[in-house]
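Down below is the structure, laid out as C-alpha cells.
The residues of the chain are indexed from 1 along the displayed sequence.
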Amino acid sequence: MRTYTTPATFARATLLLVSFVLPALSLAAPALRYKVDQKGDFQLIGNTVGQDCGPNIISQPVVGNVGACFVNQSGSVNDSAPDVFWRSESPGAGQAEANTTVSIANARSTAVLTLPAGAAITYARLYWGAIRAGTTADLNVTLDRPGSASLAVTADSSTTIDAANVTASPTQTAGVDVYYQATADVTAFVQAQGLGAYRVAGIDSIDLVDLDCNVTYIGWSMVIFYTQPGAPPRNLAIFDGLDRVQQNQSATATLSGFQVPAAGFDAKLGVIAYEGNRNSTGDYLRFYGPTGSTANLTDAQNPATNFFNNTRSWLGTAVSVAGDLPQTTGLPGSLSSFDLDVIDVTNRVKAGDTSATIVAGSTGDVYFLGAFVTSIST
C-alpha cells in the first residue's frame, strides 16, 4: 500500500473572455482554448471513473453497484479519494460496477448528451485526467457511442503537475507519479453521432486498490457548444490548463477584453475541477466585475466555503441523468474526486463592465482546476 502526503505545489487559476493577465508565478495558467459568438449556449457532461469507498460517502449511485473495495477487506483505508474503478455496461447492459476486480485496463464510464429541441452542435471538446506513473500525461483514450461507433482519441494538448514533492512511503520512490489533464477536439465525431450516450475508456491511472491517498482523481468531461433557433446571441469561451490550489493559498487573475451589454443579459460559469472533497471545507471560488460583489460564489449545491465538493450541478440544481453509468445523484459527495458545475454569475457583473477578477483559494481542501466555460448573452 502506498501512502501520499499532499504535494506542496503552488497554483494559479484564470478564466473568461478574450484576454487576461496572470500572476508571474503561475505553473500552468489556463489559456483561451476556443471562443465563438453565436445564438445558442453550451452543455457540460462527464463522469467519474473512480469510486470513494470511505465512510464519509453519503450519496450512493442511483445506478451502479459498489462492491468489494479493499483487497484485504479490512476497511482500514480511510482516505477521501477513489479506492476502486468503475466499469459501465458491466456486468450487463444498463449496469455499472465498481470493485477490486475492475482493473484500470477495463475501467470506463458513460454520460448522456441531451440538448434543447432544434439545437445543432458546433463544437465539442473532450477532457480526461488522473494521476499516473511517469512524467507525462496519458494522451490516448477511446470515445465511443455504445453499440454504434468508436473513436481512438489522441490529445492535442495536455498539462501535467509533477508529484515530486510528495513524501512517499518507504516502498515508494518519490517523484515517479504525475497529475495530468489531456484534451482533444472531438467535434466531427460528436456532430456525426448526435445525442445519446458517450463512453470513455483507457484513461491511464495508478492502481487505486488499497492505495491510502487523499490526493487522487480519475474522470472525464465534454464541453459542447450549440446553436438553437430563437436563442439569444451569446459569447461562449473555453479556458483550460491544470492548476493546483493548495491549503492556505489563493490565486488571483484580472480578466479583460469583453463588454457586458447594457440590459437584458445573463452570465454563466462552468467549472471542471478534480480532487475536491465534500468533507474538507475552506475552498472557495470568486468572480466579480470592477464594482461587483467580491463574496464567494455559492448556490444550493456549492457552499460558499466548500465550493469544490464533488457535485454535478446546473444553476443550483443537482444533475442526475438517466443513462449515465454510473448514474450519480449529483449531490455533494456523489461524484468521487470530480466536480462538474455550472453557476449563475449574472449578479457579479454590471452593464458596461470590461474586466473581471477571479480568485480561487482554500484554507483546508486541495483541488485541481481543469477547465472553465463562460456564457454571456450579447
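- Taking the centre and axis of the six-membered ring of Tyr288, the NZ or CZ atom of Arg286 falls outside the cone set by 45° and 6.0 Å.
- For the residue pair Trp86 / Glu97, no side-chain donor-acceptor distance below 3.5 Å is found, with atom types taken as modelled.
- Shown here are the side chain to side chain contact (heavy atoms under 4.5 Å, CB included) partners of Val112, two or more places apart in sequence or in another chain: Thr114, Ala197, Val321, Asp324.
- The ring-ring contact (aromatic ring centres under 6.0 Å, His included) analysis of residues 327-366, with sequence neighbours excluded, yields the pairs Tyr274-Phe338.
- A tilted orientation is assigned to the rings of Tyr123 and Phe225, their planes being inclined by 30° to 60°.
- Side-chain contact between Thr328 and Val62 is absent, with no heavy-atom pair separated by less than 4.5 Å.
- By the ring-ring contact (aromatic ring centres under 6.0 Å, His included) test, Phe368 pairs with Tyr179, Tyr217, sequence neighbours left out.
- For the pair Arg234 and Asp41, the salt-bridge criterion is met [side-chain N within less than 4.0 Å of a carboxylate O].
- Among residue pairs with one or both ends in residues 122-142, those qualifying as salt bridge (charged side-chain N to carboxylate O under 4.0 Å, His left out) are Arg125-Asp156, Arg132-Asp204; sequence neighbours excluded.
- Here salt bridge (charged side-chain N to carboxylate O under 4.0 Å, His left out) pairs that include residues 327-344, with residues two or more places apart or in two chains, number zero.
- Under the ring-ring contact (aromatic ring centres under 6.0 Å, His included) criterion, Phe42 pairs with Trp314, not counting sequence neighbours.
- Using cut-offs of 30° and 60° on the angle between ring planes, the pair Phe189 and Tyr198 is perpendicular.
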